[in-house]
Amino acid sequence: MKMHLINGGVKEIEAASISALEALEELHVAGLERVVAVKINGELKDLSARVDSDVSLEPVFLDSVDGLEIMRHSTSHVMAEAVKELFPGVKVTIGPAIENGFYYDFDYERPFKEEDLPRIEEKMKEIINADLPFERREMTSREAITLFQREGENYKIEIIEDLGEERVSVYTQGSFTDLCRGPHLPSTGKIKAFRLTKTAGAYWRGDEKRPMLSRIYGVAFADPKTLKKHLQKIEEAKKRDHVRLGKELDLFSTHEEIGSGMIVWHPKGCMLRHILEDFEIQEHLRRGYEIVKGPLLLKTELWQRSGHYDNYRENMYFTEIDEQSYGIKPMNCLAHMLIYNSKMRSYRDLPKRYFELGLVHRHERSGVLHGLMRVREFTQDDAHIICTPDQLDGEIKGVLEFVRDVMEIFQFEYELEISTRPEKSIGSEEDWNRATDALKKALDDHHMPYQINEGDGAFYGPKIDVKLRDALEREWQCATIQCDFTMPERFDLSYVDKDGQKHRPVMIHRVILGAVERFIGVLIEHYAGAFPTWLSPVQAILLTVTDRNIPYGEKVLKSLKEGGIRADGDFRNEKLGLKVREAQLQKIPYMLIIGDKEQEQKGLTPRLRTGENLPFMTEKDFIDLIHEELRQRR
RNA sequence: GCCACCGUAGCUCAGUCGGUAGAGCACCUCACUCGUAAUGAGGAUGUCUGCGGUUCGAUUCCGCACGGUGGCUCCA
């Protein structure tokens, strides 16, 4: 038979069938000890897989993307074996490889705790040191069910039954056999670096009505050095945590006595919000939006009419005024529709683009709250575009471009998803398809790649979601563009077309930043608190060298403020070194040194937070410098 | 909401195997008037998150509540 090595030689051998490992040896693959699997005709296989016809082979090295995933998956099997040895009676469920590591979900008489992890790690090391081979076996589903019945592994049986395959494969290493598609490492000794990181509860099959299992997470890398680097990176990322920086930079706080999910904005944080909101207003006006504002409380009857009462009630707060039930708005759309309906609309008026920095309240379940990222009271940069069906595509494109431009200003990388119809929803199948297609088309036309998120749409329509990542690489939904054919129907929105007849407009719900709170959370982590000048709550701080520089410092401060600079002064009787240090820790872009030299020559000496000094300059030059940065949004 | 962990001075944290607590920074006072990441000396600071229970005695053990963190589910 003839074997072809990808990016290598061709070799013909006599034998009719050999293992992939033997084949790679025949082909003199370098670094064979680091090979953990093989691609046979492009398909990932175990090294023990048989090679018995003319094939192309490609070794998979431990430190490749595929190699790491295989190793991480194998590590989860090793963990399952360790847990089964240490905790008799435990049942295994699923244990996949994930980004940087793996997890395994167990069903045990009690949940696992952090303190169980060292013991499990020890046991895993024993298994790894024993260098046990992973052995693959194929069998019929019936045989596999019998096998797992003997082991009392009813979750595995459920998986096999749901698979509905004729044959399945199982892998055994040491005392542990698991249902698994594979491939796996040749043996446990190939695992070079792992760490169990945390425990967590997780519902069986992600369904909160089913049992809560006990999940153990781990990370695993090709070598101890990379593992250490990864753990250090996480420690570094924690220094960028927005809750921590929010406190250090005096931006916001939360209070037990106020309640969960409510943010208190301090002067600097509030300034940051104000800058963003002001930016948003300018950008919206520029793009043909009109600013509107609706009330916080609206009668419950109206929420019934919109469908929110049936579909979103558990997230809403209600109250009673004069024996009349009211709901606090969780979304801003209702008032916008009433504005539209306040008079007759012609096709000539469309599209209407109503923009509101809308304060909403949502009763988020206590366990999901998280710093600024997930709160119960937040402000959306919300808009509703009401347009003719013909205008829909163009409007979606316009919003997409808006999102793209804004993300570029902040230099965010983002991921796009389309979410389709959820179970709990209103509207006809036809409208849903039409709306979903419009969203897809807009993304395709812009050549923007996206994922499909089945069943994750809003109850009234499908949506495009834009996701940003925080310091720990967790994804947060920010911008969203949602198509809606239903609300216009329910509120009987109409416009008079050229034909003199009333027609039904379409509505787009959309946000760009999403929630101002969440966006600021992501923004803090993105810049690690060192905001560009245009966003910095304090752009420059004056640092006097001695007390005799104070009067001059005050004069400079006054003219900088009059020049539109967000300036502050540190006129304390302290050493310059201390003032520099504190301004540095506050991550203020410019420290302006005011000493005798500056006083005599009538100017200032800026020090950047990078440590670099700019040459001595006049107040006016400095003001111009800042304004140039503002213009460029830097 | 579910699972795990956590809550000690304004902040970061130590401590008490049950006998009512400490450090650094910050704060206040005094001296120093100083040129690019911490000047020195002195001082004050706590219902040990809250409410119950066990106990002669609880910050420490137990339960509940409140708040936070990491996940699951849900979501901007």
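Below, chains carry the letters A, B, ... as their sequence lines are ordered, and counting in each starts from 1.
- Rounding to whole angstrom units, CZ of residue A:Arg572 and P of B:C34 are separated by 18 Å.
- The separation between A:Glu475 atom CD and B:C75 atom P is 15 Å, rounded to whole Å.
- Atom CD in A:Glu99 sits roughly 12 Å away from atom P in B:G71 (whole-Å rounding).
- Straight-line distance between the P atoms of B:U73 and B:C27: roughly 46 Å, to the nearest whole Å.
- A straight line from CG of A:Leu578 to P of B:A37 spans 11 Å, rounded to a whole angstrom.
- Ionic pairing of A:Lys329 and A:Glu356 is present here: one or more N-O contacts between side-chain nitrogen and carboxylate oxygen are shorter than 4.0 angstrom.
- Of the P atoms belonging to B:C3 and B:C64, the separation is 11 Å, rounded to the nearest Å.
- A:Arg607 comes within contact range of at least one nucleobase, with a heavy-atom separation under 4.0 Å.
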A:Asp470 vs A:Trp476, side chain to side chain donor-acceptor pair (under 3.5 Å): CA-CA, chis, key distance, verdict: CA-CA 7 Å; A:Asp470 68 12; A:Trp476 295 99; 3.0 Å; yes

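- At the phosphate of B:U73, neither OP1 nor OP2 sits under 4.0 Å from any side-chain N or O atom of A:Arg205.
- Salt bridge A:Arg376/A:Glu517: absent, no basic N to carboxylate O contact under 4.0 Å.
- B:G63 and B:C51 make up a base pair, with Watson-Crick or G-U wobble contacts both under 3.5 Å.
- Contact annotation for A:Asp207: no contact, since no heavy-atom pair falls under 4.0 Å across all strands.
- Distances from the side chain of A:Arg365 to the nucleotides B:C34, B:G1, B:A76 place B:G1 closest.
- Checked against the 6.0 Å centroid criterion, the rings of A:Phe412 and A:Phe519 qualify as a close aromatic pair.
- Taking side-chain N and O atoms only, A:Gln477 has no distance below 4.0 Å to OP1 or OP2 of B:C75.
- Checking B:A21 for Watson-Crick or G-U wobble geometry (two distances, each under 3.5 Å) identifies no partner in any strand.
- Looking at the side chain of A:Tyr203, the nearest of the listed nucleotides B:A76, B:C2, B:C32 is B:C2.
- Using a 3.5 Å distance cut-off with no hydrogens or angles, the side chains of A:Asn315 and A:Glu364 do not pair a donor with an acceptor.
- Residue A:Ala515 is in base contact, counting any heavy-atom pair closer than 4.0 Å across all strands shown.
- For A:Trp265 and A:His274, the ring centers sit 6.0 Å or farther from each other.
- Of the candidate nucleotides B:C34, B:A38, B:A76, B:C34 has the atom nearest to the side chain of A:Thr546.
- The distance from atom CD of A:Glu612 to atom C1' of B:U36 is 13 Å, rounded to the nearest whole Å.
- For B:C74, the OP1/OP2 oxygens have no side-chain nitrogen or oxygen of A:Arg362 closer than 4.0 Å.
- No engagement by A:Glu314 is indicated, since no non-hydrogen atom pair under 4.0 Å with the nucleic acid exists.
- Annotation: A:Phe112 is not in aromatic contact with A:Tyr104 [ring centroid separation under 6.0 Å not met].
- If you check the side chains of A:Thr75 and A:His73, you find no donor sitting under 3.5 Å from an acceptor.
- Note on A:Tyr103: nothing from the nucleic acid sits closer than 4.0 angstrom, heavy atoms only.
- The separation of B:G68 from B:U29, taken at their P atoms, amounts to 36 Å, rounded to a whole angstrom.
- Here the side chain of A:Glu364 is nearest to one of B:U36, B:C74, B:U33, namely B:C74.
- Separation of the A:Phe106 and A:Phe87 ring centroids does not fall under the 6.0 Å cut-off.
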Can you check nucleotides 61-70 of chain B for protein contacts, nitrogen or oxygen pairs under 3.5 Å, and list what you find?
residue	atom	partner	partner atom	Å
B:C66	O2'	A:Glu256	OE2	3.4
B:C66	O2	A:Glu256	OE2	3.0
B:G67	OP1	A:Ser260	N	3.3
B:G67	OP1	A:Ser260	OG	3.1
B:G67	O5'	A:Ser260	OG	3.3
B:G68	OP2	A:Ser260	OG	2.8
B:U69	OP1	A:Gly371	N	3.2
B:G70	OP1	A:Arg474	NH1	2.9
B:G70	OP1	A:Arg474	NH2	3.2
B:G70	OP2	A:His370	ND1	2.6

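- Of all nucleotides present, none satisfies the Watson-Crick or G-U wobble test against B:C32 with each distance under 3.5 Å.
- Considering only side-chain atoms of A:Asp596, the nucleotide from B:U73, B:G71, B:G35 that sits closest is B:G35.
- Put simply, CZ on A:Arg374 is 12 Å from P on B:U73, counting in whole angstrom units.
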Taking only N/O atoms, report every protein-nucleotides 8-17 of chain B pair under 3.5 Å with atom names and distance.
residue	atom	partner	partner atom	Å
B:U12	OP1	A:Lys247	NZ	3.4

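- Taking atom C1' in both B:U59 and B:G19, the straight-line distance is 12 Å, to the nearest Å.
- Pair assignment for B:A14 gives none, since no Watson-Crick or G-U wobble pairing has each distance under 3.5 Å.
- Heavy atoms of A:Gly595 sit under 4.0 angstrom from at least one base atom.
- Aromatic rings from A:His308 and A:Phe459 are positioned such that their centres are separated by under 6.0 Å.
- For the P atoms, the distance linking B:C11 with B:U49 amounts to 12 Å, nearest Å.
- A straight line from CG of A:Leu117 to P of B:C5 spans 11 Å, rounded to a whole angstrom.
- In this structure, A:Arg210 places its CZ atom 18 Å from P of B:C72, rounding to the nearest Å.
- Under the Watson-Crick and G-U wobble criteria, each requiring two contacts below 3.5 Å, nucleotide B:C72 is paired to B:G1.
- When each of B:G35, B:C34, B:C72 is scored by its nearest atom to the side-chain atoms of A:Thr605, the top-ranked nucleotide is B:G35.
- Comparing the P positions of B:U47 and B:A9 gives an interatomic distance of 8 Å, to the nearest angstrom.
- The aromatic ring of A:Phe378 is stacked on the base of B:A76, with the two ring centres less than 5.5 Å apart and the planes inclined by under 30°.
- Within 4.0 Å of A:Lys463, counting heavy atoms only, lie sugar-phosphate atoms of the nucleic acid but no base atom.
- Nucleic acid contact for A:Val368: base, since at least one base atom lies under 4.0 Å from a heavy atom of the residue.
- A:Glu236 has no carboxylate O lying under 4.0 Å from a charged side-chain N of A:Arg240, or vice versa, which leaves the two without a salt bridge.
- Counting only heavy atoms from C-beta on, A:Ile593 has its side chain closest to B:U36 among B:A4, B:U36, B:C2.
- Ring centroids of A:Phe194 and A:Phe221 are separated by 6.0 Å or more, keeping the two rings apart.
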